[in-house]
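Below is one structure, written out as structure tokens; comments come after it.
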Amino acid sequence: MNSTSIARLEATTYTVPTPGPESDGTLTWDATSAVVVQVRAAGETGTGWTYSSPAAAGVVTHHLRNVVLGRHPDDVAGAWAAMHRACRNYGTRGLVMQALSAVDIALWDLKARLYGQSLGSLIGPARSGVPIYGSGGFTNLDHEQLAEQIDQWQAAGCTAMKIKIGQGWGSDIARDLSRINDLRHLAGDGAELMVDANGAYTPAQARRMGHHLDELGITWFEEPVSSDDTDSLGLLRHTMRCDVAAGEYISDNYEARRLAPVVDCLQLDVTRCGGYTGWLSAASVAAAHNLEVSAHCAPALHLPVAAATAHLRHIEYFIDHARLDTILFDGVPIPTDGHLHVDTSVSGHGMTVSARASDYCRP
């Protein structure tokens, strides 16, 4: 690849409606957008994406593309640093990092394809299969709708399952507890039960809810308060038995270092934390704090790098993204026995944009 350089970089936005309105404790939505980046060199195309605002495509087009074009595909780390520097005046977190993440993932995919290797092999797997847990359980679902999702998780072999709580910014704790009991009944004996408040509770509400969760045998309490409130996260971690988890919004190592001391498991999202390059770096921060890492959403994209992380707990098999992945992309890994398995026979991460995606293309 000595004379090879990146010749094209394009960003396309796809918006897919959800089956119906969905909500957590703080937001309601009816569609999800994926900003897909494709980079091309020497006849090969690498693909990456982020589940983000369509505005992320503008960041790619206006601020990242010219930084990447003409670079050698081997120089993924150099491209990452150059993109980060180019966005200094716009802020390097949030939307900008989501755009950068999509480009980084595409660059890793391209590099592996040019070497004729699977991305899992190129990064170096620590395991051949990665456990997943079922996730969704939106606050607006009724009993039958929740049962339908749990049936899907059980069909995938999931033995751990997570629902949303924090109804109406924590204003209906009685319904939260009722839904948790629904989960216990529907999931059956032996299932690990998890909840996600999406930062809906005040610290006092979260502390009281944590005591209920301990009595109910819940093992995972995600974002009991805002992940920006590290003082409260640290306090809550010492007042309940269930694991406190947060980190899905981490953009860089500074944020990873800030959260690591106040959680029991650090969440990372390759579509938000700087792609595979950012994940590997932030995961090392977790390791330095003797913490496990859990992959947040985007299950198909996480597989290669999650399999390379020795201190990984699991991948979130989020029902929306699992559905969208199979609509927008071909080659999406299918779970068996509660795991996603690394396929070393594919090129890159093994996924390409599907012809079906054109139905959801956003100008």
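These numbers were taken from a predicted model, which means no experiment stands behind them.
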Practice task
Hey, could you give me the NE2/CG distance between His349 and Asp343, rounded to the nearest 0.5 Å?
Solution key: 13.5 Å
Exercise for the section: Check for a donor-acceptor pair, side chain of Ser227 on one end and backbone N or O of Glu223 on the other, with a separation under 3.5 Å. Expected result: no
Handout entry: Crowding at CG, Asn290 (>12 non-hydrogen neighbours, <6.0 Å)
Key = no
Exercise for the section: With side chain to side chain donor-acceptor pair (under 3.5 Å) as the test, would you mind laying out the steps for His341 and Ser128 before giving the verdict? Expected result: CA-CA 6 Å; His341 297 275; Ser128 60; 5.2 Å; no
Handout entry: Output field: ring centroids Trp279/His302 closer than 6.0 Å
Key = yes
Handout entry: Presence of salt bridge, Glu316 and Lys162, under 4.0 angstrom
Key = yes
Problem - Side chain proximity check, Arg272 to His296, heavy atoms < 4.5 angstrom - result: yes
Handout entry: Exercise: do Ser284 and Ser281 side chains pair donor with acceptor under 3.5 Å
Key = no
Problem - Check ion pair Arg237-Asp243 (N to O, under 4.0 angstrom) - result: no
Completion exercise
The reported gap from CG in Leu235 to OG1 in Thr230 (rounded to nearest 0.5 angstrom) is 11.5 Å
Practice task
Without swapping roles, check the side chain of Gln145 against the backbone of Asp142 for a donor-acceptor pair under 3.5 Å.
Solution key: yes
Handout entry: Asp109-Tyr276 side chain donor-acceptor pair, cut-off 3.5 Å
Key = no
Exercise for the section: Kindly compute the distance separating NE2 (His339) from OH (Tyr317), expressed to the nearest 0.5 Å. Expected result: 14.0 Å
Exercise for the section: Using only heavy-atom distances, determine whether the side chains of Glu192 and Thr219 contain a donor-acceptor pair under 3.5 Å. Expected result: yes
Practice task
Using atom types as modelled and distance alone, determine if a side-chain donor or acceptor of Asp252 lies under 3.5 Å from a backbone N or O of Tyr254.
Solution key: yes
Handout entry: salt_bridge(Arg93, Glu255) N-O dist < 4.0 Å
Key = yes
Practice task
Decide yes or no on side-chain contact (heavy atoms from CB on, under 4.5 Å) for His212 and Ile180, but give the supporting numbers first.
Solution key: CA-CA 10 Å; His212 289 302; Ile180 292 168; over 6 Å; no
Handout entry: Note, Ile165 side chain near Phe221 side chain (heavy atom, < 4.5 Å)
Key = yes
Handout entry: Worked verdict on Ser358 versus Tyr14 for side-chain contact (heavy atoms from CB on, under 4.5 Å)
Key = CA-CA 8 Å; Ser358 62; Tyr14 301 93; 5.8 Å; no
Practice task
Please examine the side chains of Leu328 and Val353, heavy atoms only from C-beta on, and report whether any two atoms are closer than 4.5 Å.
Solution key: no
Problem - Taking every non-hydrogen atom, the tightest pair across Val67 and Ala82 - result: CG1-CB, 3.4 Å
Handout entry: Exam field: side chain Ser178 to backbone Ala174, donor-acceptor pair closer than 3.5 Å
Key = no
Problem - Separation of Cys273 SG from Leu266 CG (nearest 0.5 Å) - result: 9.5 Å
Problem - Phe329 and Leu324, any side-chain heavy atoms less than 4.5 Å apart - result: no
Handout entry: Contact summary for Asn198 and Glu248, nearest pair of heavy atoms
Key = ND2-OE2, 4.5 Å
Handout entry: Side-chain H-bond candidate by donor/acceptor type, Gln167 with Arg175, under 3.5 Å
Key = yes
Practice task
For residues Arg65 and Leu69, determine if any side-chain heavy atom of one lies less than 4.5 Å from a side-chain heavy atom of the other.
Solution key: yes
Exercise for the section: Flag yes if more than 12 heavy atoms outside Arg356 fall under 6.0 Å of its CZ atom; otherwise flag no. Expected result: yes
Handout entry: Identified ring-ring contact (aromatic ring centres under 6.0 Å, His included) counterpart of Tyr90 within the set His63, His62, His84
Key = His63
Practice task
Could you tell me the separation between the CG atom of Leu107 and the OG1 atom of Thr277, rounded to the nearest 0.5 Å?
Solution key: 8.0 Å
Problem - Within 6.0 angstrom of Asp151 CG, more than 12 heavy atoms from elsewhere - result: yes
Problem - Pair Thr45-Arg40, side chain to side chain donor-acceptor pair (under 3.5 Å): steps then yes or no - result: CA-CA 4 Å; Thr45 300; Arg40 189 166 180 83; 2.6 Å; yes
Handout entry: Distance flag, aromatic centroids of Phe138 and Trp29, threshold under 6.0 Å
Key = yes
Practice task
For residues Leu110 and Ile6, determine if any side-chain heavy atom of one lies less than 4.5 Å from a side-chain heavy atom of the other.
Solution key: yes
Problem - Distance-only side-chain donor-acceptor flag, Asp24 / Thr139, under 3.5 Å - result: no
Problem - Nearest heavy atoms of Asp229 and Pro203, plus distance in Å - result: OD2-CG, 3.9 Å
Practice task
Carefully, step by step, assess Thr50 and Leu301 under the rule side-chain contact (heavy atoms from CB on, under 4.5 Å).
Solution key: CA-CA 9 Å; Thr50 181; Leu301 276 182; over 6 Å; no
Practice task
Report yes if some heavy atom in the side chain of Leu291 is under 4.5 Å from a heavy atom in the side chain of Asp264; otherwise report no.
Solution key: no
Handout entry: Verdict with reasoning, Val262 to Val244, per side-chain contact (heavy atoms from CB on, under 4.5 Å)
Key = CA-CA 8 Å; Val262 296; Val244 171; over 6 Å; no
Problem - Salt bridge flag under 4.0 Å for residues Glu44 and Arg113 - result: no
Handout entry: Greater than 12 external heavy atoms within 6.0 Å of His289's NE2
Key = yes
Problem - Value rounded to 0.5 Å, distance of CZ in Arg323 from OG1 in Thr18 - result: 7.0 Å
Practice task
State, without any angle test, whether His72 and Ser5 hold a side-chain donor-acceptor pair at a distance under 3.5 Å.
Solution key: no
Problem - Non-hydrogen atoms of Val263 and Ala245 that approach each other most closely - result: CG1-C, 4.3 Å
Exercise for the section: Specify the closest pair of heavy atoms between Ile105 and Gly275, including all atoms of both residues, with the distance to one decimal. Expected result: CG1-CA, 3.9 Å
Problem - Any side-chain donor near an acceptor of the partner, Thr13 and Ser33, under 3.5 Å - result: no
Exercise for the section: Mind listing the closest non-hydrogen atom pair of Leu114 and Ala42 along with its distance? Expected result: CD2-CB, 3.8 Å
Handout entry: Check: Trp49 ring centre within less than 6.0 Å of His321 ring centre
Key = no
